[in-house]
Protein chains: 4
Amino acid sequence: MDKSEANGGKRSKTRIGAANIDRILDAALIEFAHSGLRGTRIEQVAEAAGMSKTNLLYYFRTKDELYAAALTRTLDIWLEPLRELDSAIGPAAGLTAYIEQKLDYSRRFPEASRLFAMEIMQGAPHLKTVLAGELADLVERKTATIKGWIAAGLMAPVEPLHLLFTIWATTQHYADFSEQIRTLTGKDLTDEAFFAQTKAALVGMILKGVLPRSPG
Amino acid sequence: MDKSEANGGKRSKTRIGAANIDRILDAALIEFAHSGLRGTRIEQVAEAAGMSKTNLLYYFRTKDELYAAALTRTLDIWLEPLRELDSAIGPAAGLTAYIEQKLDYSRRFPEASRLFAMEIMQGAPHLKTVLAGELADLVERKTATIKGWIAAGLMAPVEPLHLLFTIWATTQHYADFSEQIRTLTGKDLTDEAFFAQTKAALVGMILKGVLPRSPG
Amino acid sequence: MDKSEANGGKRSKTRIGAANIDRILDAALIEFAHSGLRGTRIEQVAEAAGMSKTNLLYYFRTKDELYAAALTRTLDIWLEPLRELDSAIGPAAGLTAYIEQKLDYSRRFPEASRLFAMEIMQGAPHLKTVLAGELADLVERKTATIKGWIAAGLMAPVEPLHLLFTIWATTQHYADFSEQIRTLTGKDLTDEAFFAQTKAALVGMILKGVLPRSPG
Amino acid sequence: MDKSEANGGKRSKTRIGAANIDRILDAALIEFAHSGLRGTRIEQVAEAAGMSKTNLLYYFRTKDELYAAALTRTLDIWLEPLRELDSAIGPAAGLTAYIEQKLDYSRRFPEASRLFAMEIMQGAPHLKTVLAGELADLVERKTATIKGWIAAGLMAPVEPLHLLFTIWATTQHYADFSEQIRTLTGKDLTDEAFFAQTKAALVGMILKGVLPRSPG
DNA sequence: TATGAATGAGACTTCATTCAT
DNA sequence: TATGAATGAAGTCTCATTCAT
């Protein structure tokens, strides 16, 4: 997932153009994630990208176009881990790896996580079709994987979708609600020890639950 | 958590004033949750509350004041379930009740959940002090409860904060990401059966995990 | 010049009404003098008068009506000293008395002076007819007096109007520009010594000039 | 005192920008002087400057910024004559020249005089620091000059500050109260004869007074 | 006489976007 | 590619005034 890929057909014939587009999208992600579509001013993005507003508009003709481009990148980041969920290695290793990777993404791309979250919370106006298409397809394949594991007796008969939702919710929470988490723990995922502790805690809870194993 | 209480010193000397303030705050919650602070127009709230923009501004002098009032209400809703987490009944019943009640709140007040989430994701500019004060205090008391259960051998030695985060994340997810959930399942928490199923799934996963109990 | 007289036919049948009207006009004078017609809010006057905006509007139906009333009072104050300029006592005593009384009015009614000044500076939209009528008549009579003195060889042949303008300008200056004067001298007319000093200085300059008498 | 200088760091990188700023400030001076800060609409200034309101706001982001810029120019105009008061030529010629130049400024920049007056009368909120700094310094130097003349027996022992106030008051009066003056005389300083007559009258009164020279 | 509620006409300001160079 | 200039539509907020009690 190299971020300099997704230049969706933009004006980038020259090297400098491509570089500018990357700088813009980096800035846009941060600003949109922080203030939302309406709350972000184009000038603010331009400033963060180190260029004039007018020049930014040379690359992205409208605010919506810019937002859409930033969002597309975000979605790529969001989908990546799920794609790698592999049926071959079984639920214990497979889910552990998935949780760990999702959490790693929350650490590395917290703004992407937040931008995605805000978009969904506002009714996903720009993402509806992708959710119903690409995401739904992918999810269907992965739930089949999980169902296979259940059928093989490798895990408890949980509803696969709820499992996915739980993994998404918990791992993303550490990016999306980092402010709250920082207030209560004094740490966030950028802290190595806290990251490791969180990883262990989530894997433990989701795989084994919080109640004692031995009866009582 | 009766919503008609929080008239924090507003112009509500008469009955009609208090009623208007309630209508305004109801509308404000919905609109702000949907479009954010910047994205919501005052007129939009006024219309939803069935009054003129100017009349709304008679009660709340600025948009920020209105937003702050709506947010305060939201926070009350958010904190309520946690306050009821009771040490006496033990982890199995206690956590089950807490999860169920949080989920019930997600069903009944999805907009409040979303508004709270958006505020936190933007860095909690209006809520920071409350988070560090009231919330931190409450959380400290409740983590003590959980630690007590662990010390008594009633539950596995999980880090209490991560447990709370997990419960918050999962239950709120069904409100905050309802659009995505609706796209993938065709349902949301307003569907009785789906609500029951979700409740069971979350309680099951968090209490017992997803791996089979008997080493299988 | 008792200020409780000029209630120009206002609703003041009761004692309390008359008292309110006085309080309002006192406040209006101060506020209008400080911020001008447009710059003054009705509520500001009401507050200064210790009543609600709506109640003030019971006495003066519009802002303009209130302004006109305050201005009329002001004009009375302004004209008073000139009326007393007396031909019988000759220029030395007469002009001295006039200057002293004008300066005394600047000390006692600085807001009235300022309100009058602002109104004139903006083109006297509310005062034009009075200026051209009442004031012009009065001025004509007084310039005749001065001309008489000149004809009698009692004073130098100065243009009477310029003399009046000079007296008005200098005496009013100490009220209107009191801020500047306070900055440069640390004092204003409320300081007894400064008042006396100013009086002597003005009388001296206007009557005798600043150059040495004996052919220097 | 060339008015096209004071572009205090504004957006004026191009020639067109500088020209626009000048046109705006010219218009602003007139409008503010006539209607005050609150009473003047931005659109009104824009119209007078021959551009759209939004374009004006491109150069001056707020009304206050525009007002401050106009006021600064005004102050420059106001201070100019005083700077030229010269000790070398003695009181008769020096004061005559000063009075004449002040009066000339009243004729050429009546709006600047009025704007300055209104600002002072409202308590000089935007000018306080400049008055206490630049103006106070300048005044101190000039009063020293006058004191020197008095010590040399070249003029009567008047308090220099009162002399300055008298000159300011009288000369500015013909600009600030021109409406009243026009009502009473039918003329103003734009009338050549009236200007000359006024000049002579003021110089005469201030230098020699109104009482007869011979045996007083 | 007094006040809370309601309104409409403004006025300021922001901001995405277009134009011209 | 880049930027200064210009604009129009929108949105917030103010304030005199009216209504109802």
Side-chain angles (χ1 to χ4, degrees), chain A residues 11-14 16-17 19-20 37-46 51-66, chain B residues 11-21 38-44 46 51-66, chain C residues 11-14 16-17 19-20 37-46 51-67, chain D residues 11-21 38-46 51-66:
Chain A
R11 321 179 181 220
S12 62
K13 292 168 187 169
T14 59
I16 179 167
N20 276 341
L37 172 51
R38 288 287 305 274
T40 300
R41 271 167 304 131
I42 286 187
E43 195 164 22
Q44 181 181 330
V45 178
M51 71 183 62
S52 74
K53 180 176 58 164
T54 334
N55 198 21
L56 185 155
L57 283 167
Y58 171 76
Y59 292 102
F60 297 90
R61 262 194 293 279
T62 69
K63 196 193 200 184
D64 269 310
E65 198 177 303
L66 174 59
Chain B
R11 309 196 189 214
S12 60
K13 292 170 185 171
T14 52
R15 234 151 295 122
I16 179 166
N20 277 342
I21 286 177
R38 281 288 305 277
T40 301
R41 270 170 306 131
I42 287 184
E43 193 165 22
Q44 182 180 328
M51 71 183 64
S52 75
K53 178 179 53 168
T54 338
N55 197 21
L56 185 156
L57 285 167
Y58 172 73
Y59 292 100
F60 296 91
R61 267 192 295 280
T62 69
K63 199 196 207 185
D64 269 310
E65 197 177 306
L66 174 59
Chain C
R11 322 181 182 219
S12 61
K13 292 168 186 169
T14 58
I16 178 166
N20 277 341
L37 172 52
R38 287 288 305 272
T40 300
R41 272 167 302 132
I42 285 187
E43 194 164 21
Q44 183 179 329
V45 178
M51 70 183 65
S52 75
K53 180 176 56 161
T54 333
N55 198 22
L56 185 155
L57 283 167
Y58 171 75
Y59 293 101
F60 296 90
R61 262 195 294 280
T62 71
K63 197 194 201 184
D64 268 310
E65 196 176 306
L66 174 59
Y67 179 76
Chain D
R11 310 195 188 214
S12 62
K13 292 168 185 172
T14 53
R15 233 152 296 122
I16 177 167
N20 277 340
I21 286 177
R38 281 287 305 279
T40 301
R41 268 170 307 130
I42 287 184
E43 192 165 23
Q44 182 180 329
V45 178
M51 70 184 63
S52 74
K53 178 180 54 169
T54 339
N55 197 21
L56 184 156
L57 285 167
Y58 172 73
Y59 292 100
F60 296 90
R61 266 192 296 280
T62 67
K63 198 195 207 184
D64 269 309
E65 197 177 306
L66 174 59

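So that the names make sense, note that chain A is the first sequence line, chain B the second, and so on, each numbered from 1.
- Here the C1' atom of nucleotide E/dG10 and the CZ atom of D/Arg38 are 12 Å apart, to the nearest Å.
- A 3.5 Å limit on both hydrogen-bonding distances identifies E/dA2 as the Watson-Crick or G-U partner of F/dT21.
- Here B/Tyr58 reaches the OP1 or OP2 of E/dA5: one of its side-chain N or O atoms lies under 4.0 Å away.
- Distance D/Ile21 CD1 to F/dG4 P: 13 Å, rounded to the nearest Å.
- For the atom pair B/Tyr58 OH and B/Ile21 CD1, the distance stands at 9.5 Å (nearest 0.5 Å).
- Rounded to a whole Å, the CD1 atom of B/Ile16 is 12 Å from the P atom of F/dA20.
- Contact annotation: D/Thr54 side-chain N/O to F/dT7 OP1/OP2 distance is not under 4.0 Å.
- Checked against E/dA11, E/dA2, F/dA16, the side chain of D/Arg41 finds its nearest nucleotide in E/dA11.
- Comparing B/Asp64 and C/Glu43 by the nucleotide of DNA chain F whose heavy atom lies nearest to each, the residue mapping closer to the 5' end is B/Asp64.
- In terms of heavy atoms, C/Glu65 sits closest to C/Arg61 at OE2-N, 3.5 Å.
- Across A/Lys63 and A/Leu37, no two heavy atoms sit closer than the pair NZ-O, 2.9 Å.
- Here the P atom of nucleotide E/dC15 and the NZ atom of A/Lys53 are 9 Å apart, to the nearest Å.
- Protein atom CD of C/Gln44 is 14 Å distant from nucleotide atom P of F/dT14, rounded to whole Å.
- Closest approach to the D/Asn55 side chain among F/dT1, F/dT17, F/dA5 is made by F/dA5 (side chain taken as heavy atoms from C-beta onward).
- Close to E/dA2, at under 4.0 Å from its OP1 or OP2, lies a side-chain N or O of C/Tyr59.
- OP1 or OP2 of E/dG4 has not a single side-chain nitrogen or oxygen of B/Asn20 nearer than 4.0 Å.
- The side chain of D/Ile42 approaches E/dT13 more closely than any other nucleotide in the set E/dT13, E/dT17, F/dT14.
- In this structure, C/Leu56 places its CG atom 11 Å from P of E/dT3, rounding to the nearest Å.
- When each of C/Leu57, C/Asn55, C/Leu56 is tested with C/Tyr59 by the rule side chain to side chain contact (heavy atoms under 4.5 Å, CB included), just one qualifies, namely C/Asn55.
- A straight line from CG of D/Leu66 to P of E/dT13 spans 10 Å, rounded to a whole angstrom.
- Looking at heavy atoms from C-beta onward, B/Thr40 lies out of side-chain contact with A/Arg38 at the 4.5 angstrom threshold.
- Residue D/Ser52 places at least one side-chain N or O under 4.0 Å from the OP1 or OP2 atom of F/dT7.
- The distance between atom NZ of A/Lys63 and atom C1' of E/dT14, rounded to the nearest whole Å, is 11 Å.
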